[in-house]
Amino acid sequence: MPPKLLTPRRRSTDPLIWLIAIICTILAIAVIIAGIVVFIGYLVMHPRIPVMSVVGAHLDLFQYDEAGLLETQVTIVIRMRNGNAKAGASFSDTSVYLFFDGLKIAQLVADPFEVSKNSSVDFNYVVESRPVPLDPELQEFADTSLKKDVVRFDLKGGSRTRWRIGVLGSVKFWCRLDCQLKFHPSNGSYIPSRCSSTTK
């Protein structure tokens, strides 16, 4: 009796595997489409990160007595700029500190606010510190500043920004301000310098 040839049976693919393959394919296509939509949206809207910057300042008062107590008053104009032509921006957690050679003089704050598209809002801060005791080193620094007719303050802080890019959702950034403000104490004039936020 001749031997019989047995052909192996073809195994059918498990329906679960087909289902997983279909789901993965759909997800991959969805990711590609989402990427294309985001890219097109970026090209159309040209989003710009909002900026906070110092656009003006004046030293109204800077004096210290024999006891080493410093009194100072500074006017600072901070501009919140939204350069997006098609989206409004919101600012929150706005807080900036003014320092004199590492000594904290005052805190500048603002409640949450909105800036409409392609516009700006100016905040006019009048920073008046209470008499601040200076140690001998700071007294010497203040003395030198008066003699050179140049007083330097440090401005540090920032604001949280958020704006919507159409249907693509919202974008959030933290604007950080870290710069120096210099004045001529003889007349209080501000020595202009670049003081704008960086992003994080």
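Side chains are part of it too, since the values below use all heavy atoms of this structure and drop only hydrogens, waters and symmetry mates.
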Answer yes or no: is there a donor N or O on one side and an acceptor on the other, between the side chain of [X] and the main chain of [Y], under 3.5 Å?
| X | Y | answer |
| --- | --- | --- |
| His184 | Ser189 | no |
| Ser95 | Val109 | no |
| Ser90 | Arg162 | yes |
| Thr72 | Leu61 | yes |
| Gln139 | Leu134 | yes |
| Ser120 | Arg79 | no |

Contact check, side chains of [X] and [Y], non-hydrogen atoms, under 4.5 Å:
| X | Y | result |
| --- | --- | --- |
| Val96 | Leu155 | yes |
| Phe153 | Leu59 | yes |
| Tyr190 | His58 | no |
| Leu98 | Lys156 | no |
| Ile76 | Leu181 | yes |
| Thr75 | Tyr125 | no |
| Asn118 | Asn82 | no |
| Cys175 | Val51 | no |

Task: Residues clustered with Val150, ILVMFWY side-chain links under 4.5 angstrom - done: Ile191
Task: CD/Gln107: more than 12 non-hydrogen atoms of other groups inside 6.0 Å - done: yes
Open item on the list: Take a 6.0 Å sphere around CG of Asp111 and say whether it holds more than 12 heavy atoms from other residues, nucleotides or ligands.
Closed with: no
Task: Output field: ring centroids Phe113/Phe123 closer than 6.0 Å - done: yes
Open item on the list: With a 6.0 Å cut-off on the ring centroids, do Phe100 and Phe62 count as close?
Closed with: yes
Open item on the list: For a quick check under 3.5 Å, do Asp143 and Tyr64 share a side-chain donor-acceptor pair by atom type?
Closed with: yes
TODO: With sequence neighbours left out, write down each residue that passes salt bridge (Lys or Arg N to Asp or Glu O under 4.0 Å) with Arg152, or none if nothing qualifies.
DONE: Asp101
Task: Pairing residues for Asp93 by the salt bridge (Lys or Arg N to Asp or Glu O under 4.0 Å) criterion, not counting sequence neighbours - done: Arg160
Open item on the list: Here's one to test your reading of the geometry: is the NZ or CZ of Lys104 within 45 degrees of the ring axis of Tyr97 and under 6.0 Å from its centre?
Closed with: yes
Task: ILVMFWY cluster, Leu146 and Val132 together (side-chain gap under 4.5 Å) - done: yes
